[in-house]
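The block underneath contains the structure these notes are about, expressed in structure tokens.
Proteins come first, then strands; the chains are lettered A, B, ... in the order of their sequence lines, and each starts at number 1.
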Amino acid sequence: MRSLPSLRGPRAPPLPLLLLCLLAPVRRSSEDGRTPAASFTSLPVREEMMAKYSNLSLESHNISLTEHSDMPVEKNITLERPSNIELTCQFMTSGDLNSVNVTWKKGDELLENNYLINATGSILYTQYMFTIVNSEQMGSYSCFFEEKKEQRGTFNFKVPELHEKKKPLITYVGDSVVLMCKCQDCFPLNWTWYRSNGSVQVPVGVPMNNKYVINGKNANETRLKIMQLSEEDQGSYWCHAIFQLGESEERIELVVLSYWVPLKAFLGIAVEVVLLVAIILLFEMYTQKKKKHSDDGKEFEQIEQLKSDDSNGIENNAPRHRKNESVGQ
Amino acid sequence: MALRAEPPDGGWGWMVVLSAFFQSALVFGVLRSFGVFFVEFVAAFEEPAARVSWIASIGIAVQQFGSPVGSALSTKFGPRPVVMAGGILAALGMLLAAFATSLTHLYLSIGLLSGSGWALTFTPTLACLSRYFSRRRSLATGLALTGVGLSSFAFAPLFQWLLSQYAWRGALLLVSALSLHLVACGALLRPLSLAEDPVVGGPGAQLANLLHHGPFLRYTVALTLINTGYFIPYVHLVAHLRDLDWDPLPAAFLLSVAAISDPVGRVASGWLGDAVPGPVARLLMLWTTLTGVILALYPGAQAPTALVALTVAYGFTSGALTPVAFSVLPELVGTGKIYCGLGLVQMVESIGGLLGAPLSGYLRDVTGTYTASFVVAGAFLLAGSGVLITLPHFFCLSAPTSKPQDPVTEALDTKVPLPREGLGED
């Protein structure tokens, strides 16, 4: 504060100018019914860009915010090839539209110019137009509306992801296997394969020999065929889909077992079956022997009974006896 | 071994029930859960789905057409050696399939080899079961057949787990080990000599005899008609539901609902078949007619509750008709000829089973909906139950079939309503 009077003295004229400069952006955003042309200072630059990239497709995306939105709104956009982008944010508030401060940022970096601001009724529109041609231009673009609270809308640009969650592939030594990566609705420029030892990814299949063969039936899939599998081939394999605007990858786990693993289980169960059969047959032989002994005893009883029945004149008992015995066994 | 006057109706018979239970699980449960391997084969051999489905079709066809062979061998050698040999064949087929390098290998190993193994196990076992029981035959058969339903539940997740741990080659190796238990089941089939066995003669004579047996032929026709319509819901229900805009998951769930009411129906009908006096054929006709009516009602049902109710009822009645279908046969031909009889019946009725599904699919293609398919299936079932009415002594009020009155004569006519019928045939 004390330095100011000394500064003010010789610098009296610059101060109002300084104030003017400070006020200028605020005034710009508070004026109503402004035409786009008047606020858009980089119009010639934009037209130039449009002419250069007129053969690219146009992507338009929209986010709506209100003064009561308590969470930032995000929109994920999948982008495969270079395009012209048109991002629009609209802000609804019951307060004064003039007092709202509008900014755009890419990541944390403030974007200069190149955006329009418009207001109709109680809705404030802002639009940012640009082009994405390389991977550095991908990322998050956010629009900010600053009133009492800051409201934020974010557009996240990403290359298509290969999101197929895969189970580990189980194979056996000596077998061959096909690892496949597929992209649902996208067409990468190129596919590459890597395998990882720890955190380092090593390319695979680049010198195509009789162990690795890479081919794909369509542009949106790739197949890595590995032949003559051995236990060293076990591990993680990565397929990379290369787009103009970036790369995305997917991991496939390969497990190589030796035949001995299931064979051990098989032999164990076979032994168990043989034991069961032996037990059943031995048990039968044992009960037969017992039955034979008791049969001999019972036959003796029957002969006695018959003798006594004959003497009593009752003949029906004989079959019934036999029936009872056979049922009893 | 002493000749028995009549079936023991218990005792070792319950071990035969246990054996039959595990066998129906290991034969039909494996067949029904094989769909889990289907996806793996399509991916591994890069063949279209239609060609891969032939594996199961060949297996089923060999099992059914090979039934008379199993029966004839059982008549000659007894069920035990035949079933044990069948178990080894079935396991061998799966074992060789684990090393397959092409689809043809699978056709030959699983389809032909395992199929022959299954042909030698299932029919002899059920026939043997019929010989061990008379009063409680239907219940025993019903209990034994529940093995099919319960194993379909257990095996599908088990096979899926095996696939995730060992891939299809290792999984087939372990399914082969599982199938080896058929040998142990075969060991349980103690030979049983019934009094009428020497009377009926060897397999050749029996087969010739059966082919001239009027009621047996009519019964075979009835079962063939029933078989044509029987499988339709299991094959087409899910597709029909999708036509009605059901999601795949609830549709598949509805099929499992039928799979639950199925074993309940089998046991209930088995108990009922033994408790109710008179020829069991009447109960078969009852369940068949009910199933036919339910099938015919399917096209009319649109609301989900109606469809669920119909499916539960279908599961129950179609399960109910299986044990009584097997119980009718001993009443017709006697336990002496049961092996050959069952084998012949299985072979002929399989024609119905093979034709039923493609016919239904064809009707669907021609008419656009499954209405015609379901109605025709119901008609086949009703026709089958109609033929059943022509079986002998159908309208007898209470023939002395289920309770053994006179052991000696019973041994000779073995539960055929009038003693003269049994004697006259021989």
Side-chain angles (χ1 to χ4, degrees), chain A residues 167-180 217 223 225 229 254-285 287-288 291-292 295 298-299 316 318-329, chain B residues 1-13 15 19 22 40 43-44 46 80 84 87-88 91 94-95 98-99 101 135 160 162-192 195 404 406-408 410-411:
Chain A
K167 307 174 291 190
L169 273 180
I170 314 230
T171 53
Y172 289 92
V173 174
D175 223 354
S176 61
V177 68
V178 174
L179 306 177
M180 190 173 90
K217 290 202 185 113
R223 290 160 193 258
K225 184 166 183 178
L229 282 167
L254 185 68
V255 176
V256 183
L257 299 170
S258 84
Y259 269 115
W260 191 236
V261 175
L263 207 56
K264 259 195 304 196
F266 174 83
L267 289 174
I269 298 179
V271 166
E272 176 229 326
V273 170
V274 169
L275 279 175
L276 268 179
V277 173
I279 292 173
I280 293 170
L281 292 177
L282 285 173
F283 177 72
E284 184 169 326
M285 286 200 312
T287 47
Q288 290 231 338
K291 186 175 153 190
K292 209 167 154 215
D295 257 354
K298 287 224 174 84
E299 264 176 33
N316 282 346
R320 211 165 276 147
H321 251 305
R322 227 172 279 134
K323 173 188 158 191
N324 282 342
E325 278 165 40
S326 39
V327 168
Q329 310 258 331
Chain B
M1 213 176 290
L3 288 179
R4 280 191 177 286
E6 55 156 44
D9 250 316
W12 192 256
M15 295 303 280
S19 164
F22 282 114
E40 300 290 321
E46 292 175 330
R80 178 183 273 165
M84 288 175 81
I88 294 182
M94 292 282 173
L95 180 68
F99 298 100
T101 52
R135 257 180 309 150
Q160 197 60 58
L162 283 176
L163 281 172
S164 71
Q165 293 293 306
Y166 298 102
W168 64 270
R169 290 188 191 273
L172 275 179
L173 213 55
L174 293 175
V175 172
S176 165
L178 197 65
S179 301
L180 267 183
H181 288 89
L182 284 169
V183 181
C185 290
L188 283 172
L189 300 177
R190 264 191 212 170
L192 189 69
D406 189 30
V408 177
E410 283 296 353

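The candidate with the highest count of non-hydrogen atom pairs below 4.5 Å against chain A, out of B:L178, B:T101, B:L174, is B:L174.
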Validation: residues 259-276 of chain A side-chain donor-acceptor distances under 3.5 Å, sequence neighbours left out:
| unit_1 | atom_1 | unit_2 | atom_2 | d |
| --- | --- | --- | --- | --- |
| A:E272 | OE1 | B:H181 | NE2 | 3.4 |
| A:E272 | OE2 | B:H181 | NE2 | 3.0 |

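A donor-acceptor contact shorter than 3.5 Å links the side chain of A:Y172 to the backbone of B:Y166.
The shortest non-hydrogen separation linking B:Q165 to A:I170 is O-CD1, 3.3 Å. Taking every heavy atom of both residues into account, A:E284 and B:A187 meet most closely at OE1-O, 4.4 Å.
Partners of A:T287 under the side chain to side chain donor-acceptor pair (under 3.5 Å) rule, at least two apart in sequence or in another chain, are B:R190.
Neither the backbone nor the side chain of B:L162 comes within contact range of chain A; no heavy atom of the residue lies under 4.5 Å from a heavy atom of that chain. Heavy-atom distances place the backbone of B:S164, and not its side chain, under 4.5 Å from chain A.
Sparse packing is recorded around CZ of A:F283, with 12 or fewer heavy atoms of other residues, nucleotides or ligands lying under 6.0 Å away.
By the 4.5 Å heavy-atom criterion applied to side chains, A:L281 and B:R80 are counted as neighbours. Residues B:M15 and A:I280 fail the side-chain proximity criterion, which asks for heavy atoms closer than 4.5 Å.
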